[in-house]
Number of protein chains: 2
Amino acid sequence: MKIEQLETFRWVARLGSFTKAAARQNATQSTVSTRIAELEHSLGARLLDRSRRQVRLTPKGRDLLSYADAILALVAEARLTVGDPAALTGGLRVGVAELVALTWLPAMVSTFHEACPRIQLDLEIGLTDVVLERLVAGEIDVGIVGLSHAPPDGFAATPIGETAFGFLAAPSMALPAPPLDPAALKDVPIISLGPGAEVARLQDDWFRAGRVAPQRFNSSSSIEISAGLARAGLGVALLPVAYFASDLERGSLVRLAVEPPPPPVRFFALHAPGGASTLASRLAEIARRSARASSWRAAR
Amino acid sequence: MKIEQLETFRWVARLGSFTKAAARQNATQSTVSTRIAELEHSLGARLLDRSRRQVRLTPKGRDLLSYADAILALVAEARLTVGDPAALTGGLRVGVAELVALTWLPAMVSTFHEACPRIQLDLEIGLTDVVLERLVAGEIDVGIVGLSHAPPDGFAATPIGETAFGFLAAPSMALPAPPLDPAALKDVPIISLGPGAEVARLQDDWFRAGRVAPQRFNSSSSIEISAGLARAGLGVALLPVAYFASDLERGSLVRLAVEPPPPPVRFFALHAPGGASTLASRLAEIARRSARASSWRAAR
DNA sequence: CGATCTTCATCGGAAAATCCGATCCAAGGC
DNA sequence: GCCTTGGATCGGATTTTCCGATGAAGATCG
C-alpha cells in the first residue's frame, strides 16, 4: 500500500472513472489501471466494480475509502505542519473570477509563489458561475469569487474582503435627474456581463428590487470591455468603483448616485474542507492577506 | 513522503540508530540513510540530529513522529480491515516461553500460517524474563508467556488461558507425610529452572509464603530436563500437570498434594498496543483460540 | 441486430527509482 | 593519538514505474 496508490484510488472513487482520474493526476489511464490493480493485489481484495460503465466502489472499497481519506488528510497535515512550505510540491488548480484576476491576482500569485515556490498554480479565469460549477465538480481546488449571496454548502469559505460596486457611465450620457432608482433607469441602456457573472446577478437583484426589467445588452464576459463601452457612452455599467478610480479622477467615467446603493460584493476563497485541501487553505490565507495589502482595501 | 519512509523514520526514532533500524527492516544502513535523507528533503526540514552519537529527534522530527504513528496505525488498521489476511506480507517476531513452545505452539503456528500464509514468523524460544526484556526493548513484536503476576505496563495483554502447576516427583522419592506445606518440603531437593523462568518465580513465591528457603538445584533451562531429573528420583519439580498427564497415568511421576496448591499460571499474548501491532493482535487472537482448541484446556 | 464508441486491461520497451556493497568522514572512547 | 563506531556517499546492478499502443467487453445508436 502506497500513498500514491491511495490518492489515485480516491480520485477514481470520486470521479467514477479511471480515465478521468488519470487526467486529474497527470498520468495515463494505463498507469491508473496499474496502480489500482497493484493496490487491490496488495490487499488481496477487489475495491472497484468495473463491470458497469460507471466504476463503483465495492463494500471493501468503501471501507478503504474512509481510511484513505483519513490517511491522506493526516499526510497533508503532516506536510504542512512539519514541512517547509518551500519544499511543498504538486499543483493547485485555482478558479478565479475576472474581477479578482484584474486586481490583486498578480500580487497573490507572487506572494504564494514566494511561500511555496515548488507548487504549480493552474489558474483559470472565468465567470463566477463557471468557477463554482468546477469547484463543486472537483475540477478545481480553490475558487476565488465574489458573492453577494451565501457561499455554497460543503465548502470552507475564507472571507477575503469586499469591494463596492457602482453604476458608472460616461459624463456625456443623458440621464434622468436624481434620485436614480431602478424605475428611473428603466429606459437607460445597461451594459451587462454574461448571465454567469456575479455582477449580472447583482444587477438583476438591484433592478428586481424595483420591480423593473431594464433595457440591457450583454457585452462579452469582460469587465474591461464593459468599461470601454461605458466610456464610449453606450450605456451604464455596474462596475467595481475602486478598480476604475483613475477613470473617475480623470472624469472619463462618473459614478451615478443611485438609490438604493448596490450592496458591496464580498469575496471568498472557497475550497473543500479537510483532506488535501490544507494547501488550499494556505492559499486562501495568502489571498486574504494580499487582498488586505492591495489598494483594494480602500475600495471598501 | 512514502509510507516506507515513515516506517523507517519511526524505527530510527525508536532505536536511535540508523544501523539498528536497518537491521530491523532487513535493509542496509545505506538504504536507511537514503530513506531518511529523502524524507527530510521532501519535507524540507531536518528531522534527526546526527551530531551526537545517539541519533535524536529534532523538534520537527518529534512533530512528524506523532503523525507517522497515527498514519501508520491507520494504514495497519486499513490493511487488516479491508485486506484479505492471506495477502498480508511481512514478518512478525514472536518470543515464546518454553512451556508454550512444548504444547500448542505448533498448532498456533499452523493456524496462523493458514490465515496469513505470507507472514513470516520468527520464533524465539526463551525464558519468560528474556522474552519480556526483548519485548520491552522492541526486539520482538509479540511475547507469549505465562505470568503468575500482572503483565507489564504499556502492553496489550490478550489472556490466552491458564494451566495448573503441581509438584511432581518419582514414586520412589522418599517424602514426608502430608500435608505437604513449604516447611515440610524444606529438606527435599527441589529441581528448579534458571532464575529467569516464570516457573522459578512461582516456586520461590510458594516457598516464600511459608518463609522457607528450599534446598534447590538448578537444572538447565528446560522443562523436559527438569522432568527427566524428577523421573530419575533426584528431586521434586514444579511442572505443568497437564503436559505430564501421561507420566501421571503411567505412574512414572506422581503429583504431590501440597498445601497451599500453587496458583495456576495464566498465559498472555503481549504486544505493543496500536500501530503496526494490529497484526500482533491478530496473532494473539489466534493464540487464544488455538489454546482453547488444544488439550490444554483440560488442564485448567 | 450490428456498428461504433467508450472504458478498462494488458503488453513491451524506455526511463526512473531503489537497493546494496564498498568506501569515506566525523565523533567518542580508550 | 589511535581505534572503534556510526552515518554519508558513490557506482553499478536490479527492480519498479511509466507510457503508448493494442485488445476486449459493455454501452449506445442507427
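Chain letters run A, B, ... following the sequence lines, proteins first and then strands; every chain starts at 1. Worth saying up front: this structure is predicted, and the values here are computed from it rather than measured.
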Across all chains, not counting sequence neighbours, the side-chain hydrogen bond (donor to acceptor under 3.5 Å, both in side chains) partners of B/T111 are none
Looking at B/D141 and B/R93, is there a salt bridge between them, counting it only when a charged N and a carboxylate O are closer than 4.0 Å? yes
The residue, A/S51 or B/F18, whose nearest nucleotide of DNA chain D is more 5′ is B/F18
In numerical order, the residues of residues 53-62 of chain B whose heavy atoms come under 4.0 Å of DNA chain C are B/R53
Across all chains, not counting sequence neighbours, the side-chain hydrogen bond (donor to acceptor under 3.5 Å, both in side chains) partners of B/E114 are none
Please check if any side-chain donor atom of B/R10 sits under 3.5 Å from a side-chain acceptor atom of B/Q5, or the reverse.
-> no
Between B/R50 and B/N26, whichever has its closest DNA chain C nucleotide further toward 5' is B/N26
Per side chain to side chain contact (heavy atoms under 4.5 Å, CB included), A/V100 is matched among A/V131, A/I144, A/I125 by A/I144
Residues at least two apart in sequence or cross-chain that pass side-chain hydrogen bond (donor to acceptor under 3.5 Å, both in side chains) with B/E40, listed by chain then number, are B/R50
Note: A/R282 and A/C116 closest approach over all heavy atoms is CD-SG, 3.9 Å
Would A/Q54 and A/S17 count as having a side-chain donor-acceptor pair, cut-off 3.5 Å?
no
Checklist entry - Side-chain contact, heavy-atom cut-off 4.5 Å: B/F268 with B/T158? => result no
Outermost contacting nts on DNA chain D, any atom under 4.0 Å from chain B heavy atoms, listed 5' then 3', are D/dT5 to D/dT9
(Q) Once you apply a heavy-atom cut-off of 4.0 Å, does A/K20 come out as touching a base, just sugar-phosphate, or nothing? (A) nothing
Any side-chain donor paired with an acceptor under 3.5 Å for A/R46 and A/T58? no
Contacts of A/R134 meeting salt bridge (charged side-chain N to carboxylate O under 4.0 Å, His left out) (sequence neighbours excluded), chain-then-number -> A/E124, A/E139
Taken in chain and number order and not counting sequence neighbours, the residues that satisfy salt bridge (charged side-chain N to carboxylate O under 4.0 Å, His left out) with A/R62 are none
- Message: By the 4.0 Å heavy-atom rule, please label A/E4 as base, sugar-phosphate, or nothing.
- Response: sugar-phosphate
Expected list for residues 29-36 of chain B near DNA chain C, using heavy atoms below 4.0 Å, is B/S30, B/T31, B/R35
Contact span of DNA chain C against chain A, any nucleotide atom under 4.0 Å from a heavy atom, 5' to 3', runs C/dT6 to C/dT10
Q.
Any heavy-atom pair between the side chains of A/L47 and A/L57 that's under 4.5 Å?
A. no
Stems of at least 3 consecutive Watson-Crick or G-U wobble pairs (donor-acceptor distances under 3.5 Å) involving DNA chain C, listed by first number, are C:1-30 with D:1-30
Sorted by chain and residue number, the side-chain hydrogen bond (donor to acceptor under 3.5 Å, both in side chains) partners of A/T81 (sequence neighbours excluded) come out as B/Y67
Looking at every strand, decide which applies to A/Q5 at a 4.0 Å heavy-atom threshold: base, sugar-phosphate, or nothing.
-> nothing
For B/E285, the salt bridge (charged side-chain N to carboxylate O under 4.0 Å, His left out) test, sequence neighbours excluded, returns B/R288, B/R289
